[in-house]
Number of protein chains: 2
Amino acid sequence: MEETEIPDSIRCEFEEKGGIDGIVELLPDDQRIGYINSIARAISDPVRLRVLFALCIQPMCVCLIVAMTEYAYSKMSYHLSILKDSGLIYSKQEGNYLIYYPTDLGRKVVEWIGKGL
Amino acid sequence: MEETEIPDSIRCEFEEKGGIDGIVELLPDDQRIGYINSIARAISDPVRLRVLFALCIQPMCVCLIVAMTEYAYSKMSYHLSILKDSGLIYSKQEGNYLIYYPTDLGRKVVEWIGKGL
DNA sequence: ATATTGTTTCAAATATAATTGAAACATCAT
DNA sequence: ATGATGTTTCAATTATATTTGAAACAATAT
C-alpha cells in the first residue's frame, strides 16, 4: 500500500485532471471551506434550524423565541450566538428587548433549502 | 417573566401571523428538519466538505481519497460513512476497489454552495 | 487454500459541543 | 439610586463526535 494504485475505471480521467495535485488545486481554499463549515454547523442542530426558519417568518425578541421553543434563556442564548457568529442572524436592541432578525444570508439559505433540498 | 410581553415594534405583525402558534404551524416538520440537519452536519467538517467537492471533480477510490487528504483509512472511512448516510455520496465496488461518487443531491449541494454562498 | 491489497468495523481514548444554574449586565420604571 | 424585567456570560457537568489502532471482511492473485 505504498505507491497508490489506481483502478482502471477511473485512471484515465483521473490522470487527465492532473492527478491528486490537479484536483486539489480546484478545491476551495481553507478560508472558504471554514466559512461554509460554520454556516453548515449552525444549521446542523434542530432548534437552531427551527429558530432560523421562524425568524424568517417573523423577527422576534429572545423572550418569544424562548416561549416558542420552551428552551431556557441561557441555553437559547448559546444557540443564538452560534447562528449569529455564522452570519445567519443579527440582533437589535429595542428598549428592554433584544430582537433577532435573519440576515440576507440567513434568508438566502432558508430560501434555498425550501427550493432545493 | 410569566406571561410573555411583546415589544411594540413587532407586536402588530406578530399578532397578525397568529402569534407563536401561527408561526410554529408554518415551520417544517420534525422529519424534514432532521433531514436538513443531517445534510448540514455532513458538510460541517472541513475534510468531509473537501472530499465532497473533490468527488464532484473526480470520483475516486478510498485509496486516492486517503492519499489526497493524508488521513488514515479508518478515519476516512468514518467520514465517508457520514457523507454516505446523509445521501451526498454513494459507493460502487470495482474489483478490489470501492469507488465513491457524489449523488445528484451531493452535486446539487456543491453547485449551490458555488453559486449562492 | 494462502497471501496480498483495499476497506470497514469495533471498542477504548480523546476532543468538542451542549446543558445547567448562578451570577453579571443592560434597560427601563419608580 | 432601587428594583424589576430581559438577556448574556461563566465555570462545571454531561453528552456527542472524532480519533486511534487492532481486528475483521472482501476481492483478487498465486
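Chain identifiers are assigned alphabetically (A, B, ...) following the order of the sequence lines, protein sequences preceding nucleic acid strands; residue numbering begins at 1 within each chain. Source: prediction; values computed, not measured.
- Residues that satisfy the side-chain contact (heavy atoms from CB on, under 4.5 Å) test with B:Val66, not counting sequence neighbours, are B:Val62, B:Tyr73, B:Met76.
- At a threshold of 4.0 angstrom between heavy atoms, the contacts of A:Tyr97 are confined to the sugar-phosphate backbone, with no base atom among them.
- Qualifying side-chain contact (heavy atoms from CB on, under 4.5 Å) partners for A:Ser9, counting only residues two or more places apart in sequence or in other chains: B:Glu94, B:Ile99.
- Residues forming a side-chain contact (heavy atoms from CB on, under 4.5 Å) with A:Tyr78 (at least two apart in sequence, or on another chain): A:Arg41, A:Ile82.
- Within residues 6-24 of chain B, no residue has a heavy atom under 4.0 Å from DNA chain C.
- Of all nucleotides listed (D:dG21, C:dT7, D:dA27), C:dT7 comes nearest to the side chain of B:Leu98.
- Applying the side-chain hydrogen bond (donor to acceptor under 3.5 Å, both in side chains) definition to pairs two or more places apart or across chains, those involving residues 10-36 of chain A are A:Asp8-A:Arg11, A:Glu13-B:Gln58, A:Lys17-B:Gln58.
- For the contact set between residues 44-68 of chain A and DNA chain D, defined by any heavy atom under 4.0 Å, the members are A:Cys61, A:Val62, A:Cys63.
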Output a table of nitrogen or oxygen pairs between the protein and nucleotides 28-30 of chain D separated by less than 3.5 Å.
none

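- Of the candidate nucleotides C:dT8, C:dT20, D:dT18, C:dT20 has the atom lying nearest to any side-chain atom of A:Ser74.
- Scanning for side-chain contact (heavy atoms from CB on, under 4.5 Å) contacts around A:Ser74 gives an empty result, with sequence neighbours left out.
- Residues satisfying the side-chain hydrogen bond (donor to acceptor under 3.5 Å, both in side chains) test with A:Lys84, not counting sequence neighbours, are A:Ser91.
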Donor-acceptor pairs under 3.5 Å, side chain of residues 110-117 of chain B to any protein atom, not counting sequence neighbours: which ones?
| residue | atom | partner | partner atom | Å |
| --- | --- | --- | --- | --- |
| B:Glu111 | OE2 | B:Lys115 | NZ | 3.3 |

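- Contacts classified as salt bridge (charged side-chain N to carboxylate O under 4.0 Å, His left out) and involving residues 44-69 of chain B (residues at least two apart or in different chains) are not found.
- Looking at the side chain of A:Lys75, the nearest of the listed nucleotides D:dA27, D:dT18, C:dT20 is C:dT20.
- When distances run from any side-chain atom of A:Tyr71 to the nucleotides D:dT7, C:dT19, D:dA22, the shortest one goes to C:dT19.
- The side chain of B:Tyr100 has C:dT8 as its nearest neighbour among D:dT8, D:dA17, C:dT8.
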